[in-house]
Each structure stands twice: as C-alpha cells, then as structure tokens.
Amino acid sequence: MIDAVIIIIFIVAAAGIGYDAVELLPDDVLTQVSNVEAVRWISASFTAIVGLAIGLTAQTTYRRIERRVSNTPIEVILTRAVGLAIGLLLANLMLAPIFLLPIPKEFSFIKPMIAILGSVLFAFLGVSLADTHGRTFLRLINPNSLETILLAEGTLKPACTKILDTSCIIDGRIEELLNTGFVEGQILIPHFVLQELQMLADSANDQKRIRGRRGLDILNRMQETYPEQINIHPADFEEITTVDAKLVHLAQEINGTLLTNDYNLNKVASLQKVAALNVNDLAQAVRPIYLPGDSLEVKILKEGKEAAQGVGYLEDGTMVVVDEGRDYLGSEIRVIVTSALQTSAGRMIFAKPQASMVA
C-alpha cells in the first residue's frame, strides 16, 4: 500500500507542476497558442510520466532503506541518533561566531555555505564516533547492555525454552540439574502434563499413585525455589489425544526444546525435527571414566559367571566384575581397574582386588 501511495504522490505532484508550468511561458508565446488548456494537459501528462519514473525510483530507494534499517540492531540506531544530535549541537555552537563576522554583502553567501558544510561534517563525525564507541557509551548507561547487543547481533544465542514431560518430572534429576545451574532459560510445564501428574496421584494403583505424588512434590519444590524460571503453560490441544504428541506439537509451536528421559519420545521428537534433551544421555555422558590402573571402592554383592568372580555396582549403576572377588562376597574392597567394556546394556568394568595385585 505504501508503495502505491509514494508513486501516486509523485505522479500527482509532477502533473500539477506541469499543469501550472504553462504560466511560465512568455506572453508572446501564449498569444500564439489557440488552446492553452490543451497545452496544460499535454504538459501535465508529460510531467506525470516523469513523476512516475521518479516515484518508482523513490519507492525502490525507500524499500532499500527500510530493509537496511530493519536489519540494523536497535542499539546501533540509538547510538547513531545520539551521535548525530551531539554532532549537530557542536556544529551550531562552534559555527555561531561566524555569523558575527563583518563579511561584505557581496560574500554574504559564504555564511550559510559554511554553516551547512560544518553541520554535515560534524553530523558525520558524530555518527562515526557512535559506531566506534557506541558499545562503551551503552555500557556506561547500563552495564548489562553488552549482552543485549551481542544477542541482537547474533553473536550470542538466547537460551532456548525447555518443556518438561511427565517422566522427567517424576524422575527428579531435573531438580538437581536446576540446583547446579546447568539448565538455562525458561522451563515450561504444560497444563496437560500437570493433569497427567494429577491423574497418576489419584490412581487406584499404588505404584502409579506414589509416582504421581512424587512428581507433584518435586514440581512444587522447583516452583518455590525458581518462581521466575518455572512456568505453567496453559496450552492444551484437545484434538490431539496422547500427551507425547501434544508435547511435540507444543515444542514445534514455540520453537522450544523437550527435556525428557523417555527414549521413545526422544526418537519421535527427532523424527519430527524437534530438539530434545535426554537426561539419561546426560547421565551417561558425565559418568566418570576409569582407565586401567585406576583404583576404586566397590562392594561385592554377588558371584560372577566365571569361577572366583565377584560382581559389584558403582553408584551410577555401572557393573564391576572383579576377578578373584568371590572370596570378598558381602565386603567392600578396593580394586584396581584392568579394562572397561561398553555394551548395549551399559558399561562394564573389569578389575582385580588391590591386595592380590600388590602381592
């Protein structure tokens, strides 16, 4: 719409100029014209064509400037405006004495020329200084503005909103992650997830009821501890039946990230190009790595498959197979790692009692 308005304004303005320009013709020329009105309309039509060409150029220039301004961060626009205002103010203050100089009338045109030239030079100088020192200026006003500038430029990326599913809340490890500060950004608990927790808490099945109440207790603690970070989202998609499908749909709508420990939900989200973070993957990634020669404490809980073997478990569930460990069944001993094996079921560590290694 604005493009058409710009072009029409130039056409009408040019046509009006052409229509009235006939009056500027000499009187002897006008007396020779039999139909002055027709000449007016011919002149108006010609200048309207010229106005159309100028209007198209102006419209293209306007769109180019609009795109450039829209791609310029607001902080840059603000600092340039301040630099321009300061430059023009300095120009007026410094050039004011020139108008008091006794200059002959023949050279009176020098004063406005110097004023215009000085204003343009100081304006460009102010804008140039704003581009060079604009960040420092904003940091003096607001020390936290540097992060805003970097976000606007794309140097930094804002923290993505996390969406919790039911299993992740009940699991409880998300609360520990929040306490450590590793989870950034807003955390949303959809209303339909809250409803599912309530249904579990009201279930007749003892195990489901315990899980549901545990999830509600964890959620209450998190909301009390982090009231600004934890938010209940009112979205509910009645046309979608399953909670997992609702979670994926919500993540697509707000461009969020699913936070879960459900393997199947993680796979479905990946297939639909939705970012998902699996707490189990994180737990696997941060497990301590034991190399051959490292020592650790382990309690022998049962016998192994091979003769004289004993089996224990670390706190993270890693199985430790101890050669010659059957004699220490029920005891906690220090062992030396001999090798480690990664299997589809998890990681296994093979070790020997430190006493036998020393011997």
Side-chain angles (χ1 to χ4, degrees), residues 158-203 205-233 242-248 250-251 254 256-270 274-290 296-299 301 312-320 340 342-349:
C160 188
T161 300
K162 313 297 189 302
I163 304 172
L164 293 186
D165 76 334
T166 310
S167 61
C168 189
I169 297 173
I170 295 173
D171 177 77
R173 286 177 290 180
I174 182 61
E175 185 178 11
E176 298 299 327
L177 286 175
L178 282 172
N179 292 336
T180 59
F182 279 100
V183 179
E184 295 182 339
Q186 292 293 312
I187 295 179
L188 299 185
I189 291 88
H191 189 259
F192 51 83
V193 169
L194 197 60
Q195 286 180 327
E196 187 177 33
L197 280 174
Q198 186 176 359
M199 289 177 59
L200 289 173
D202 295 336
S203 175
N205 187 291
D206 291 341
Q207 291 184 349
K208 289 184 178 180
R209 185 166 61 250
I210 293 172
R211 287 168 54 84
R213 290 179 179 176
R214 168 182 164 82
L216 290 174
D217 291 339
I218 292 172
L219 189 56
N220 284 328
R221 288 199 303 268
M222 289 194 301
Q223 200 166 27
E224 289 176 1
T225 309
Y226 308 97
E228 296 182 356
Q229 192 173 6
I230 305 294
N231 294 292
I232 305 297
H233 197 281
T242 64
V243 173
D244 287 358
K246 290 181 179 182
L247 285 167
V248 173
L250 176 61
I254 67 173
T257 300
L258 286 178
L259 198 55
T260 181
N261 62 356
D262 188 329
Y263 178 81
N264 294 326
L265 176 59
N266 194 3
K267 287 298 181 183
V268 171
S270 300
V274 173
L277 300 175
N278 196 316
V279 179
N280 291 331
D281 292 341
L282 176 62
Q284 290 285 345
V286 298
R287 281 185 175 183
I289 298 176
Y290 293 102
L296 53 94
E297 294 279 346
V298 64
K299 185 176 182 179
L301 298 177
Y313 296 90
L314 301 180
E315 291 183 357
D316 59 7
T318 302
M319 178 186 291
V320 181
Q342 184 69 40
T343 68
S344 58
R347 186 170 50 178
M348 294 177 60
I349 293 176

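Residue numbers start at 1 and run along the sequence shown.
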Point to revise | 4.5 Å side-chain heavy-atom contact, Asn205 and Leu200 | key: no
Study note, to complete from the structure: Interatomic distance, CD1@Ile189 vs CG@Leu194, rounded to 0.5 Å, equals 8.5 Å
Practice item. Report the residues that fulfil side chain to side chain contact (heavy atoms under 4.5 Å, CB included) with Lys267, sequence neighbours left out, ordered by chain and then residue number. Key: Tyr263
Exercise for review: Evaluate the side chain to side chain donor-acceptor pair (under 3.5 Å) criterion for residues Asn231 and Tyr226: first the C-alpha distance (whole Å), next the side-chain angles of each, then the deciding distance (0.1 Å), finally the verdict.
Suggested key: CA-CA 9 Å; Asn231 294 292; Tyr226 308 97; over 6 Å; no
**Study point:** Expected output: side-chain Tyr290 to main-chain Ile349 donor-acceptor under 3.5 Å
**Key:** no
Review point. Going by heavy atoms in the side chains, are Leu259 and Asp165 under 4.5 Å from each other?
Key: no
Check your understanding: Between atom CG of Leu197 and atom CZ of Arg213, what is the distance when rounded to the nearest 0.5 Å?
Key -> 13.0 Å
Revision key, fill the gap. Correct closest heavy-atom pair for Leu216 and Ala201 would be CD1-CB, 3.8 Å
Check your understanding: Judged by atom type as modelled, is there a donor-acceptor pair below 3.5 Å linking the side chain of Gln198 to the main-chain atoms of Gly212?
Key -> no
Review point. Between Gly256 and Val274, what is the shortest heavy-atom contact and its length?
Key: O-CG1, 4.5 Å
**Study point:** Note, Val248 side chain near Leu265 side chain (heavy atom, < 4.5 Å)
**Key:** yes
Point to revise | Straight-line distance of Asp202 CG to Arg209 CZ, nearest 0.5 Å | key: 9.5 Å
Exercise for review: With the side chain counted from C-beta on, respond yes when Met222 and Ile174 share a heavy-atom pair under 4.5 Å apart, and no when they do not.
Suggested key: yes
Check your understanding: Hey, what do you get for CD (Gln186) to CD1 (Ile230), rounding to the nearest 0.5 Å?
Key -> 8.5 Å
Study note, to complete from the structure: Taking every heavy atom of Val193 against every heavy atom of Leu164, the minimum-distance pair comes out as CG2-O, 3.8 Å
Point to revise | Any Leu178 side-chain heavy atom under 4.5 Å of Thr225 side chain | key: no
Revision key, fill the gap. Scanning both residues in full, the closest heavy-atom pair of Glu297 with Leu314 reads O-CD2, 4.2 Å
Practice item. Hey, could you give me the CG/CD1 distance between Leu258 and Ile163, rounded to the nearest 0.5 Å? Key: 5.5 Å
Point to revise | For the student: nearest non-hydrogen atoms of Pro190 and Leu247, plus distance | key: CG-CD2, 3.9 Å
Study note, to complete from the structure: Note: Val279 and Cys168 closest approach over all heavy atoms is CG2-SG, 3.8 Å
Point to revise | Distance in Å, Leu219 CG paired with Ile187 CD1, rounded so as to fall on 0.5 Å steps | key: 10.5 Å
Review point. Do Leu188 and Ile254 have side chains that get closer than 4.5 Å, going by heavy atoms?
Key: yes
Check your understanding: Taking side chain as C-beta onward, heavy atoms only, is Asp244 less than 4.5 Å from Val268?
Key -> no
Check your understanding: Quick one: does Arg214's side chain have a donor or acceptor within less than 3.5 Å of a partner on Asp171's backbone?
Key -> yes
